[in-house]
Structures are given as structure tokens and as C-alpha cells.
Undergrad: 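Encoded as C-alpha cells, here's the structure I'll be asking about.
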Amino acid sequence: MKRIRSLIGNYLSNRDILSFYDCNKYTRTPKKSKEGVIIYRTFMGGGSTVVATGNIVRCYEKEFKEMGIDLSQEFKEAENEIPIRLSTKEIQASGSRAIYEAALSLGYQMETMPKAIDQQKCIKCGLCINGCKQGAKWTAKNYLNQAVKQGAVVRYDSRVEEVLIDQGQAYGVRGVNAEDEFEYEADKVILAAGGLGTPVILQNSKINNTDVGKKAG
């Protein structure tokens, strides 16, 4: 029921948070990287976009271009589709405004953050990491809900462990759920398990690339 509710509402209760967040087993707090950075990661419909703060910036555009991959057009399409707007004073917390004004007074250039937020609905409650009770924040649930309306079937409580590959062509996935192992075959396979999950699945799939999951540069 909690997972069904996550598709209908935009806000997670404290009980939901403990269920969906990737938490430490004993402390029940979000896990940290080896550098000590808190990793706000969830396993739920919409993924971590549900608990993100709505900040959306271009990443690794230069690095991809150096490899001969120009994603500028794709970035533009995504920015228009979501859509993304620069934050305004109306949704900026007092602390953010103080930092902004202090930076300007010291001669530093400070730019406002691009946000995937309907600024007419945002009430600056500061509870983005619990979801968005106002429905102001864009999340990947938007796409998921659209897919369900078009007939897509969502399989919850299932963990994909590897992509099935034959002669260099992906034809399905293999994984486990609460009851048993499963295999799904498809004409097209889209692997979108996030920056942490995707490399692991690729490694399990025995992709012929020794750089999978390793730090670039």
C-alpha cells in the first residue's frame, strides 16, 4: 500500500521515509559515502527525485563533449520539457538569501539555482527530502504515471541484478523479488538505475568494459 500511495501523493510520512530510504540497518539514518557525504537515496516509484530538492543542473557536458558526445540538444529538450526555471526570491529561504547577499557584498559572483519547481505552489516549507506535499516539485513519477496510463505495468519489490545479453544485444533482465528469481525479455531494454545502481548492474552483466563503475580521469 505504501508504494501505491507513493504514486498518488507527493508526500512521505516518517514511516514511509524509513521504508523507502536506503538507510543504515541499525541507526535507520541515510547512508554516507566513504567521504562522509549523506546519500539521500530511495527505492520507490520516482526514485530519488521524490526526495531531491528540485535542483537541476547540467552535469559532465564538457567531459562528454571531449569524448565526442555532444548532449547540448538533449539537455535543452529536457530543460524545456520538465520545465526548469531559475529560483526567485519568492521560494528562497532566508538563509539562502543571506548567503547570496553576503557573497555579492564580498565581490563574489553568485548565481541562482535552476529549479524544477512550480514556484506558484512552493511554500518554502523546507521538507523537500520528505517529498512535496504541495505538489510543486517535478519528479520522475510524472513519467511513471504517464506510462501506467498508457498500459505499462510496474513491478515493485523487485531488484534487477543483470542485463541479459546475447551476441552483443540486450534482450532482457534477470533479478529477484520477495518470492523468487525472475527474467523479463523485451525488444528494447533501458537501464536507468541511477548513478549508484547502474554501474553495479553493468558489472554483473559482464559488459566488456573494464572502466564500468570506475572513476573517470
Undergrad: Charged N to carboxylate O under 4.0 angstrom, Glu61 versus Lys65?
TA: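 Salt bridge absent between Glu61 and Lys65.
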Undergrad: If you count every heavy atom of other residues, nucleotides or ligands that lies below 6.0 Å from Glu35 atom CD, does the total exceed 12?
TA: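 Yes, enclosed.
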Undergrad: Is it the case that the side chain of Ser96 and the backbone of Gln92 share a donor-acceptor pair, with hydrogens and angles ignored and the cut-off at 3.5 Å?
TA: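 Flag not set: sc Ser96 to bb Gln92 has no pair under 3.5 Å.
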Undergrad: Identify, with sequence neighbours excluded, every residue that meets salt bridge (charged side-chain N to carboxylate O under 4.0 Å, His left out) alongside Glu81.
TA: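 Salt bridge (charged side-chain N to carboxylate O under 4.0 Å, His left out) list for Glu81, sorted by chain: empty.
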Undergrad: Can you tell me which residue pairs pass the ring-ring contact (aromatic ring centres under 6.0 Å, His included) test with a partner in residues 180-201, sequence neighbours excluded?
TA: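 The answer is Phe182-Tyr184.
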Undergrad: Side chain to side chain contact (heavy atoms under 4.5 Å, CB included) between Leu144 and Asn142: does it pass, once the steps are laid out?
TA: CA-CA 5 Å; Leu144 187 58; Asn142 295 21; over 6 Å; no
Undergrad: Using the side chain to side chain contact (heavy atoms under 4.5 Å, CB included) rule, take Asp118 and Cys122 through it: C-alpha gap first, then chi angles, then the decisive distance, then the call.
TA: CA-CA 6 Å; Asp118 184 339; Cys122 179; over 6 Å; no
Undergrad: Indicate yes or no for a side-chain donor-acceptor contact from Thr139 to the backbone of Gly46 under 3.5 Å, with no hydrogens or angles considered.
TA: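 Checked: no pair found.
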Undergrad: Taking ILVMFWY side chains as joined if any heavy atoms are under 4.5 angstrom apart, and letting links pass through other members, which residues group with Ile39?
TA: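 Other cluster members: Leu196.
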Undergrad: For a 4.5 angstrom cut-off between non-hydrogen side-chain atoms, does Tyr21 reach Val51?
TA: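 Result yes, sub-4.5 Å side-chain heavy-atom pair found.
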Undergrad: Check whether any side-chain heavy atom of Ile82 sits under 4.5 Å from a side-chain heavy atom of Ile56, and report yes or no.
TA: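 They are in contact (side-chain heavy atoms under 4.5 Å apart), so the answer is yes.
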Undergrad: What closest approach, in Å, do Pro199 and Gly194 show between heavy atoms, and which atom pair accounts for it?
TA: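 Scanning both residues completely, I find the closest heavy atoms to be CD-O, 4.0 Å.
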Undergrad: Report the distance from atom SG of Cys132 to atom NZ of Lys141, rounding to the nearest 0.5 Å.
TA: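 It is 9.5 Å, given to the nearest 0.5 Å.
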Undergrad: Quiz question: by atom type and distance under 3.5 Å, do the side chains of Gln119 and Thr88 form a donor-acceptor pair?
TA: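 Yes, side-chain donor-acceptor contact under 3.5 Å.
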Undergrad: Using 0.5 Å steps for rounding, measure from the CG atom of Leu71 to the CD atom of Glu77.
TA: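 Interatomic distance, Leu71 CG to Glu77 CD, rounded to 0.5 Å: 11.0 Å.
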Undergrad: Set out, in order, the CA-CA distance, both residues' side-chain angles and the distance that settles side chain to side chain contact (heavy atoms under 4.5 Å, CB included) for Ile165 and Tyr171, then state yes or no.
TA: CA-CA 6 Å; Ile165 300 173; Tyr171 68 91; 5.6 Å; no
Undergrad: Determine whether a donor-acceptor pair (N or O, by modelled atom type, separation under 3.5 Å) exists between the side chain of Thr42 and the backbone of Gly47.
TA: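 The answer is yes, because a donor-acceptor pair under 3.5 Å joins these two groups.
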Undergrad: Counting distance only, does the side-chain N/O of Ser205 pair as donor-acceptor with the main-chain N or O of Gln203 below 3.5 Å?
TA: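 Not a single qualifying donor-acceptor pair exists.
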Undergrad: What I want to find out is whether Glu161 reaches Arg159 closely enough, with some N-O distance under 4.0 Å, to be called a salt bridge.
TA: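 Judged by the 4.0 Å cut-off on N to carboxylate O distance, Glu161 and Arg159 do form a salt bridge.
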Undergrad: My understanding is that only residues two or more places apart in sequence, or in another chain, count here; which of them pass side chain to side chain contact (heavy atoms under 4.5 Å, CB included) with Glu79?
TA: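 Once residues adjacent in sequence are excluded, the partners of Glu79 under the side chain to side chain contact (heavy atoms under 4.5 Å, CB included) criterion are Arg58, Phe75, Ile84.
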Undergrad: Under a single-linkage definition using a 4.5 Å side-chain heavy-atom cutoff for Ile, Leu, Val, Met, Phe, Trp and Tyr, are Val50 and Ile129 assigned to the same hydrophobic cluster?
TA: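 Val50 and Ile129: one cluster.
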Undergrad: Write down the atom of Ala170, the atom of Val163, and the distance for their closest heavy-atom approach.
TA: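 Result for this residue pair: CB-CG1, 3.7 Å.
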Undergrad: Listing request: all salt bridge (Lys or Arg N to Asp or Glu O under 4.0 Å) pairs with a residue in residues 105-115, at least two apart in sequence or in separate chains.
TA: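 Listed by first then second residue: nothing to list.
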Undergrad: Residues two or more places apart in sequence or in another chain: which of them pass salt bridge (charged side-chain N to carboxylate O under 4.0 Å, His left out) with Glu74?
TA: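 Expected list: none.
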Undergrad: Tell me, which pairs form a ring-ring contact (aromatic ring centres under 6.0 Å, His included) where one or both residues lie in residues 86-128, sequence neighbours left out?
TA: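 Not a single pair qualifies under ring-ring contact (aromatic ring centres under 6.0 Å, His included).
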Undergrad: Hey, mind stepping through Cys125 and Lys133 against side chain to side chain contact (heavy atoms under 4.5 Å, CB included) and telling me if it holds?
TA: CA-CA 9 Å; Cys125 65; Lys133 194 172 185 178; over 6 Å; no
Undergrad: Measure the spacing between CG of Leu127 and NZ of Lys137 and express it to the nearest 0.5 Å.
TA: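 Going from the CG atom of Leu127 to the NZ atom of Lys137 covers 10.0 Å.
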Undergrad: Applying side-chain hydrogen bond (donor to acceptor under 3.5 Å, both in side chains), can you list everything that pairs with Thr112, at least two apart in sequence or on another chain?
TA: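 If we apply the side-chain hydrogen bond (donor to acceptor under 3.5 Å, both in side chains) test to Thr112, skipping adjacent residues, there are no hits.
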Undergrad: Are Ile99 and Leu104 grouped together when hydrophobic residues (ILVMFWY) are joined by side-chain heavy atoms under 4.5 angstrom apart?
TA: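 Both belong to a single hydrophobic cluster.
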Undergrad: Measure the OG1-CG distance between Thr198 and Leu191 for me, rounded to the nearest 0.5 Å.
TA: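 Here the interatomic distance stands at 4.5 Å.
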Undergrad: Among all residues two or more places apart in sequence or in another chain, which pass the salt bridge (charged side-chain N to carboxylate O under 4.0 Å, His left out) test with Asp70?
TA: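 Checked Asp70 against salt bridge (charged side-chain N to carboxylate O under 4.0 Å, His left out); zero matches.
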Undergrad: Restricting to salt bridge (charged side-chain N to carboxylate O under 4.0 Å, His left out), what partner residues turn up for Lys124, sequence neighbours left out?
TA: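 Expected list: none.
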Undergrad: Does any part of the side chain of Val173, heavy atoms only, come nearer than 4.5 Å to the side chain of Leu164, both counted from C-beta?
TA: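 No, every pair of side-chain atoms sits at 4.5 Å or beyond.
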Undergrad: Side-chain heavy atoms under 4.5 angstrom apart, residues restricted to Ile, Leu, Val, Met, Phe, Trp, Tyr: same cluster for Ile201 and Val176?
TA: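 Per the 4.5 Å side-chain linkage, Ile201 and Val176 are not co-clustered.
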Undergrad: Does any pair with a residue in residues 174-193 pass salt bridge (Lys or Arg N to Asp or Glu O under 4.0 Å), and if so which ones, sequence neighbours excluded?
TA: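 Listed once each, the pairs are Glu162-Arg174, Arg174-Glu183.
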Undergrad: In Å and rounded to the nearest 0.5 Å, what is the CD to CD distance from Glu90 to Gln120?
TA: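 One gets 8.5 Å once the value is rounded to the nearest 0.5 Å.
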Undergrad: Supply the members, apart from Val57, of the Ile/Leu/Val/Met/Phe/Trp/Tyr cluster built from side-chain contacts under 4.5 Å; use none for a lone residue.
TA: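 Under the 4.5 Å side-chain rule, Val57 groups with Met113.
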Undergrad: Could you grab the distance from atom CZ of Phe64 to atom CD1 of Ile69, nearest 0.5 Å is fine?
TA: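 Spacing of CZ (Phe64) from CD1 (Ile69) equals 6.0 Å.
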